[in-house]
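Read the structure below first, then the notes.
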Amino acid sequence: MPRPGTMIVVVGPSGAGKDSVIDFALKRLGRHETLHLVQRAITRSPDAGGEDHESVSPAEFDARLCADGFAVAWEAHGLKYGIPRSAVERIGAGQTLIANGSRAALAQFRRVFPRLVIVQITAATEVLAARLIARGRESEADIRRRLSRQAPEITEKDVTVIDNSGPLDIAGEHFAKLVADRALGMTFDSR
């Protein structure tokens, strides 16, 4: 029986660059047969930009939630997000999975995934604001509300914080090294 794999959950505010850091690290690490990105189900249009996600209607999401189709599910900013139940089996089969998660859902992630690595991507407020404006998904008033929102504080001691206020390759290299060292058990040749 294979050794259980690891779930790496990446959290942080909108605009911190979570998807960019994850994509950078996956490209930097290259193909690895046991390393995969989890595709989230989101009640957001497929053409909304950002991450490659499974677009579902609110009714579809609720039906899957009632049928225990999600390992972890949460709501944020008027949308519903879900990590497919299949992630549990994949972890049990020895895979390392990376998921874009939520600080508010960390307790669920801890209950479901015994081997969990938490990474918080941060960025300076002015960087977050500029990125959210450039994304063009929300009005300025919505962005101001989002930035002033009090997000759940992460009190766990085992959280790795990566600042992505500067060049993407700095944060991306840091995350790639963490994935290689903590989850894949391989030596990472950092630049």
Side-chain angles (χ1 to χ4, degrees), residues 7-30 35 37-55 72 74-83 97-109 116-183 188-191:
M7 171 59 82
I8 301 170
V9 62
V10 180
V11 300
S14 295
K18 297 179 296 292
D19 292 319
S20 297
V21 169
I22 291 168
D23 291 345
F24 180 97
L26 288 172
K27 287 177 185 149
R28 181 75 171 88
L29 289 166
L35 176 63
L37 178 64
V38 174
Q39 185 183 47
R40 301 188 297 180
I42 307 175
T43 57
R44 177 170 62 204
S45 169
D47 58 355
E51 73 182 279
D52 177 24
H53 66 282
E54 178 189 1
S55 179
V72 177
W74 67 95
E75 292 185 43
H77 311 295
L79 299 172
K80 296 179 182 183
Y81 299 82
I83 301 297
L97 301 180
I98 299 173
N100 184 338
S102 168
R103 292 166 284 185
L106 284 178
Q108 287 183 65
F109 275 96
L116 182 67
V117 174
I118 302 169
V119 179
Q120 181 176 19
I121 306 294
T122 63
T125 304
E126 61 273 8
V127 172
L128 296 175
R131 289 177 182 163
L132 291 172
I133 290 167
R135 238 175 22 188
R137 287 190 210 150
E138 300 169 294
S139 70
E140 266 190 60
D142 289 338
I143 290 171
R144 276 195 299 277
R145 270 193 300 280
R146 184 184 288 263
L147 292 174
S148 67
R149 177 177 81 93
Q150 286 293 91
E153 189 172 328
I154 299 177
T155 57
E156 290 90 346
K157 294 181 174 133
D158 60 342
V159 176
T160 300
V161 178
I162 299 175
D163 187 335
N164 188 30
S165 297
L168 175 61
D169 62 331
I170 294 172
E173 287 285 325
H174 188 164
F175 184 63
K177 182 172 181 1
L178 177 139
V179 171
D181 293 349
R182 303 248 332 253
F188 179 72
D189 180 23
S190 184
R191 293 180 190 175

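The salt bridge (charged side-chain N to carboxylate O under 4.0 Å, His left out) search around Arg40 returns Glu51, not counting sequence neighbours. The salt bridge (charged side-chain N to carboxylate O under 4.0 Å, His left out) test applied to Glu54 returns Arg64, not counting sequence neighbours. Partners of Tyr81 according to the ring-ring contact (aromatic ring centres under 6.0 Å, His included) rule, which considers only residues two or more places apart in sequence or in another chain, are Trp74. Not counting sequence neighbours, Ala130 has no partner by the side chain to side chain contact (heavy atoms under 4.5 Å, CB included) test. In this structure Ile170 satisfies the side chain to side chain contact (heavy atoms under 4.5 Å, CB included) test together with Pro167, sequence neighbours excluded. Residues meeting the side chain to side chain contact (heavy atoms under 4.5 Å, CB included) test with Ser55, sequence neighbours left out: Pro46, His53.
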- Item | From CA spacing to verdict: side-chain contact (heavy atoms from CB on, under 4.5 Å), Val10, Ile121 | CA-CA 7 Å; Val10 180; Ile121 306 294; 3.5 Å; yes

- Show the numbers, then the answer: is there a side-chain contact (heavy atoms from CB on, under 4.5 Å) between Val38 and Met7? CA-CA 10 Å; Val38 174; Met7 171 59 82; 4.3 Å; yes

- Query: Given the rule in the side-chain contact (heavy atoms from CB on, under 4.5 Å) test, do Val179 and Leu35 qualify, once you have shown the distances and angles that lead to the verdict?
  - Reply: CA-CA 9 Å; Val179 171; Leu35 176 63; 4.0 Å; yes

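The heavy-atom pair separating Gly172 from Phe24 by the smallest distance is CA-CD2, 3.3 Å. Scanning both residues, Arg131 and Asn164, for their nearest heavy atoms gives NH2-O, 2.7 Å. Ile98 and Leu37 make their closest contact through O-CD1, 3.3 Å (heavy atoms, listed as atom of the first residue, atom of the second, distance). Residue Leu132 comes nearest to Gly15 through the heavy atom pair CD2-N, 3.9 Å, listed as atom of the first residue, atom of the second, then distance. Between Leu29 and Ala176, the closest heavy-atom pair is CD2-O, 3.8 Å. Residues Leu128 and Pro13 approach most closely at CD1-CG, 3.9 Å, considering heavy atoms.
A distance of 9.5 Å separates CG in Leu168 from CD in Glu173, rounded to the nearest 0.5 Å. In this structure, CD1 on Ile162 lies 6.0 Å from CG on Leu178, to the nearest 0.5 angstrom.
Under the 4.5 Å side-chain criterion, counting only non-hydrogen atoms from C-beta, Ser165 is not in contact with Glu126. Using a 4.5 Å heavy-atom threshold, the side chains of Leu79 and Glu75 count as separate.
Among the candidates Val11, Ile118, Val9, the single residue satisfying the side-chain contact (heavy atoms from CB on, under 4.5 Å) test with Phe109 is Val9. The one candidate from Leu106, Thr160, Val159 that meets the side-chain contact (heavy atoms from CB on, under 4.5 Å) condition with Gln120 is Val159.
Formation of a donor-acceptor pair under 3.5 Å by the Lys18 side chain with backbone atoms of Gly101 is not found in this model.
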